[in-house]
Amino acid sequence: STESPGGPWRLLAKIVAPRFSRKEYVLEQPKPGRWLKIEVLSNYGDPSYTEINELEAYGEAVGSPPQQPKADGVYQTNYGVLMLRVKGDRFEGCYDLDSGYVYGKTDGRVFDMNWIEHGGEEKGTALLVLSSDGSINGLWYENDIMKGPWFGNKAPGARIDCTPEATAKSVGFARDAQAWN
């Protein structure tokens, strides 16, 4: 699709992948597109499993890249409301669920995050990515074990009952106040 991640879709190819082996396919003519959708129509009759081990798609950028949205703000996520504040390559924030504090490094799109809750007794990491549509998507970890997805959309009107300053203090994190002034 050239319009949105939901389509409309244009068929580029129908490919039959050999069972248990590798298949490379090159389009006869380059086609413009931004989103690629793969549909598996058959899996050689297995009642339970379908697997694509690796998929690579290559192309050339055409025109200007989409404007990257600002990450600062409030998001409604699958774990409640999350607020992020970005300054340079650093960020901090807080979320209402379990009075959590987040901080870490970012390039403005990828957030390498640390989270702390319950007075510092629970902590872990997360990796969130800011999409061009302003949504965030990623995974969170505790004790180096992936626990689940963390995703949401910007919610400018959402109410959040925390500030990074107070939440950092409540979880026992000594934040660098000078870096945020």
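All of these numbers come straight from a predicted model, not from anything done at the bench.
Note that OG of S170 and CD of E165 are 11.5 Å apart. Values are rounded to the nearest 0.5 Å. Between N78 atom CG and F151 atom CZ the span is 4.0 Å, to the nearest 0.5 Å. Distance check, rounded to the nearest 0.5 Å: CG of D112 to OG1 of T106 gives 9.0 Å.
Under a 3.5 Å cut-off, the side chain of N143 and the backbone N or O of I145 do not form any donor-acceptor pair. No donor-acceptor pair under 3.5 Å is formed between the side chain of K31 and the backbone N or O of L11. No donor-acceptor distance shorter than 3.5 angstrom exists from the side chain of K169 to the backbone of A174, with no hydrogens or angles considered. A side-chain donor-acceptor contact under 3.5 Å links S1 to the backbone of P8. A donor-acceptor pair under 3.5 Å is absent between the side-chain atoms of R175 and the main chain of E92, judged by distance alone. Looking at N43, its side chain does come within 3.5 Å of a backbone N or O of Y49 through a donor-acceptor pair. Using a distance-only test at 3.5 Å, with no hydrogens or angles considered, no donor-acceptor pair links the side chain of S131 to the main chain of G134.
Taking a cutoff of 4.0 Å between a charged side-chain nitrogen and a carboxylate oxygen, R22 and E24 qualify as a salt bridge. Salt bridge annotation for D89-K105: present, with a cationic side-chain nitrogen under 4.0 angstrom from a carboxylate oxygen. The pair E39-K14 does not count as a salt bridge, with every side-chain nitrogen at least 4.0 angstrom from each carboxylate oxygen.
Residues L84 and M113 are in side-chain contact: their nearest non-hydrogen atoms beyond the backbone lie under 4.5 Å apart.
Residues passing the side chain to side chain donor-acceptor pair (under 3.5 Å) test with R159, sequence neighbours excluded: D161.
With respect to W150, the ring pair (Phe, Tyr, Trp, His ring centres under 6.0 Å) criterion is satisfied by exactly one of Y95, Y75, Y141: Y95. Among L130, V129, I136, L127, the single residue meeting the side chain to side chain contact (heavy atoms under 4.5 Å, CB included) criterion with F111 is L130.
Between the side chains of W140 and Y79, at least one donor N or O lies within less than 3.5 Å of an accepting N or O. The closest side-chain donor-acceptor pair between E117 and Y101, if any, does not fall under 3.5 angstrom. Using modelled atom types, one finds a donor on one side chain and an acceptor on the other under 3.5 Å when comparing R34 with S132.
Here the shortest heavy-atom pairing between I160 and L82 reads CD1-C, 4.0 Å. Between N153 and S135 the shortest heavy-atom distance is OD1-CB, 3.1 Å. Here the shortest heavy-atom pairing between K23 and P18 reads CB-CD, 3.5 Å. Residues V74 and A158 come closest through the heavy atom pair CG1-CB, 3.8 Å. Closest of all the heavy-atom pairs between A71 and V86 is CB-CG2, 3.9 Å. For the residue pair A155 and Q76, the shortest heavy atom distance occurs at CB-N, 3.8 Å.
Y44 is not connected to I15 by any chain of hydrophobic side-chain contacts under 4.5 Å among Ile, Leu, Val, Met, Phe, Trp and Tyr, and they are in different clusters. A single hydrophobic cluster is seen to contain both L97 and L128, as judged by linkage of ILVMFWY side chains at heavy-atom distances under 4.5 Å, directly or through other members. Under a hydrophobic clustering in which Ile, Leu, Val, Met, Phe, Trp and Tyr are joined whenever their side-chain heavy atoms come within less than 4.5 Å, directly or via other members, W115 and V81 fall into different clusters.
More than 12 heavy atoms of other shown residues, nucleotides or ligands fall within 6.0 angstrom of atom CG in D46. Within a 6.0 Å sphere centred on OH of Y25, other residues, nucleotides and ligands contribute more than 12 heavy atoms.
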Determine, step by step, whether K123 and N114 satisfy the side chain to side chain contact (heavy atoms under 4.5 Å, CB included) criterion, reporting the C-alpha distance in whole Å, the side-chain angles of both residues, the deciding distance to 0.1 Å, and the verdict. CA-CA 7 Å; K123 54 183 87 174; N114 297 284; over 6 Å; no
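Hydrophobic side-chain contacts under 4.5 Å tie F20 to no other Ile, Leu, Val, Met, Phe, Trp or Tyr residue.
Aromatic ring centroids of F173 and Y103 lie under 6.0 Å apart.
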